[in-house]
Structure formats: C-alpha cells, structure tokens
Amino acid sequence: MPELPEVESVRRGLLDLTAGRQVTDVTVLHPRLLRDQPGGPPEFADRLRGGLLGTPRRRGKFLWLPVVDRTDQRLGVAQEADPSQALVVHLGMSGQVRVVVAAAPMHPHTRVVAALDDGYEIRFVDQRMFGRLRMDELVPGADELPRSVSHIARDPLDPRFHARVLVDRLRLRRTVLKRALLDQTLVSGIGNIYADESLWRARLHGERPTFGLPVRTGNRLLAHIHDVLNEAISAGGTSFDALYVNVNGESGWYERDLAVYGREGLACRRCGTPVRRSVFTNRSSFTCPSCQRLSVNRLTA
DNA sequence: ACAACGCCCTGAGGGC
DNA sequence: TGCCCTCAGGGCGTTG
C-alpha cells in the first residue's frame, strides 16, 4: 500500500529516467485509471503526447510530472519553457510506475503506457485500479501544484510544513488521532501502515480524541511520524504482496522493520505484550494494548 | 463548515 | 476440485 515513502521512492526513481524526455506515444489499455480525466482517454493522450517531462514532484501520496506542451517548446529544450500542466499520478492501493525498454514483456495489469523518445516506456501497472492518472493544469504560485492536488495538505517532509500549524488544527478537531492522521486535508502522506507505526512509537492510542490534545503530545507524535517516514524512505518503502515495487520492479525493505502493523498476536517489540488487531473505520488497526492506552491520566500524556 | 460513511475494484485465501 | 464469500484500503462523493 503506497504511502509517502513509497511514492517518494518512485519519484526518485523517475528523476533520472524521465526528466527531460519527450513522450512520443500514449496507449490506454484500460480507461479506469483515467476516470478523473475530463475528456477521457482521448484528451489525456492528446495532452500528454509530444510533451517534454520535467522534474517529478510530490505532495503526500500524489506524484506529478510537469509537462511542457510541444507547442511551447523552444527547439526541444525542456528547461527553458515553463510547464503549464502535469501528469498527475496517484498509486491508490496497488498502482506501480515502471520504466522499462519498449521490448520488455507487458505485465498483465498494465493499464496505461507512455512511450519515450529514448526507447523506454513508462508503464502504469495497477491490479485493483484504485489508482488515478490525469493531465491537469498547474496553478501558478509558490507551490505550483496541479489543480487536483491543491486541496491536499502539506506533508511532514515538505520544507514549508509547520508542526505548530497542524497541532493547532488538530486540537480543534472533533475526531480521534488515527482518523485525523489519515485525513489528507489535515496532513498528507500518512496511510494506515505509518499511522499505526507512528502512534505505536509515540505510545498513543489511535482512538484518543484530538480535541484539546496537549501541544507537547502533538509535537511528540509528529516527531515520530517524521522519523518513521524518513526511515522508510531510506529503506526504499514498505512492500506487501509484491504490490508495491519501485520503478525497476524491486520491492522495498521496510516491512521487516514494522513494529506493530500486520503483527497481530506477535510480541510488542517494546514490552512483549501480544499486538492486538481491531477494526476501526473499516480498516485494521494494530496496537499494543499495554503501551498504547486510552486512559486519561498517563505520564506520557 | 466539519465529520463520517459507503463505494469503487480485483485477486488471494479460507471454508466447505 | 471448485465455488463462493470475505478481506484488503485511499480518495472522494454523499449524507448527516
């Protein structure tokens, strides 16, 4: 399940392989991934074909490749023209972005293919098709976000992310910690896995109310989120069921470092208590019933 | 406005 | 063996 670290791994992989390349052809094998695209597959292909790809960018779990329209080109020098649009990618549950030579065998779940001018192809592979692709305009401004990403909050690794801003918002919310961490309009990039890992590290229960959360508690949680995300990036992302792979088709290595996620019944790495699985908002949550208590008067609060 | 629920989608895996 | 049911879950549209 791709979260921020997995998407960042993909972004870094694309950096060397696609930046500065021109898209020579676009093939849509399945329209499902393009369901957000106004005009559907024809408009998607028309806007991407011939475009020059810029430096891949990311916010939270959203990834995009700035595209310089072929009509804006100045003798094919991509860097001299400002991109006005971008190829926006969300991997959903099972999405993969692979860059392979055009002659490579086609994975059966390949949905969209963008051929490049160097003989390689960007292939969007997605078994469950929760992923999304679209061509979107870039909104002028400091962040130059695609319009469809503008509602997504800054992620914890954004240089302009401010913990205090988030903690202040958190303290006003009438919800619980885990739900808030998964709300991409509050803080982006965190999914079910890293939410559980971060809460475990901070010794906080996911069902703890956010309203009136002590500032120091919020800061502590954010510090752990920051650590977890960075460690996962260093490890190349988490891998489950071979659904997540980097652009070369390789799995990440973070899974073996997970402290609670997916470890129902196994000993908590801190205290040895069996990890408990519970269903919360239709999702599995893994907690240590000893380290992460809901009780009000706690020394760690 | 904010909060929460249900839907989309496929394949793996369990039960019988 | 084979069929059917359940589960996995990110984002967003809808509902409250």
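Atoms considered below: every heavy atom in the structure, side chains included; atoms not considered: hydrogens, waters and symmetry mates. Chain A is the first sequence line, chain B the second, and so forth, proteins listed ahead of strands; every chain is numbered from 1.
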Quick one: [X] [atom1] to [N] [atom2], roughly how many Å, whole number?
X	N	atom1	atom2	result
A:Arg111	B:dC9	CZ	P	11 Å
A:Phe130	C:dC7	CZ	P	15 Å
A:Arg283	B:dG6	CZ	C1'	11 Å
A:Leu91	C:dG9	CG	P	16 Å
A:Asp36	B:dC9	CG	P	12 Å
A:Asp126	B:dC9	CG	C1'	9 Å
A:Leu182	B:dC2	CG	C1'	17 Å
A:Leu33	C:dG10	CG	C1'	13 Å

Does a salt bridge link [X] with [Y], judged by any charged N lying under 4.0 Å from a carboxylate O?
X	Y	result
A:Arg160	A:Asp143	yes
A:Arg58	A:Glu8	yes
A:Asp136	A:Arg147	no
A:Arg21	A:Asp117	yes
A:Arg47	A:Asp69	no
A:Asp155	A:Lys61	no

Just call it for [X]: base, sugar-phosphate, or nothing, with non-hydrogen atoms closer than 4.0 Å on any strand.
X	value
A:Arg35	nothing
A:His151	sugar-phosphate
A:Arg174	sugar-phosphate
A:Arg277	sugar-phosphate

- Message: Both A:Arg32 and A:Leu172 contact DNA chain B. Taking the nearest nucleotide for each, which residue is further toward the 5' end?
- Response: A:Leu172
Residue-phosphate contact under 4.0 Å: [X] side-chain N/O, [N] OP1/OP2:
X	N	result
A:His109	B:dG11	yes
A:His90	C:dG11	yes
A:Ser284	C:dA8	yes
A:Gln184	C:dG11	yes
A:Thr175	B:dA4	yes

- Task: State whether the distance check finds a donor on one side and an acceptor on the other, under 3.5 Å, for side chain A:Arg128 versus base C:dA8.
- Result: yes
- Task: Return the nearest nucleotide to the side chain of A:Arg179; candidates are C:dA8, B:dG11, B:dC5.
- Result: B:dC5
- Item | A:Gln127, nearest nucleotide to its side chain (from C:dC12, C:dA8, B:dG11) | B:dG11
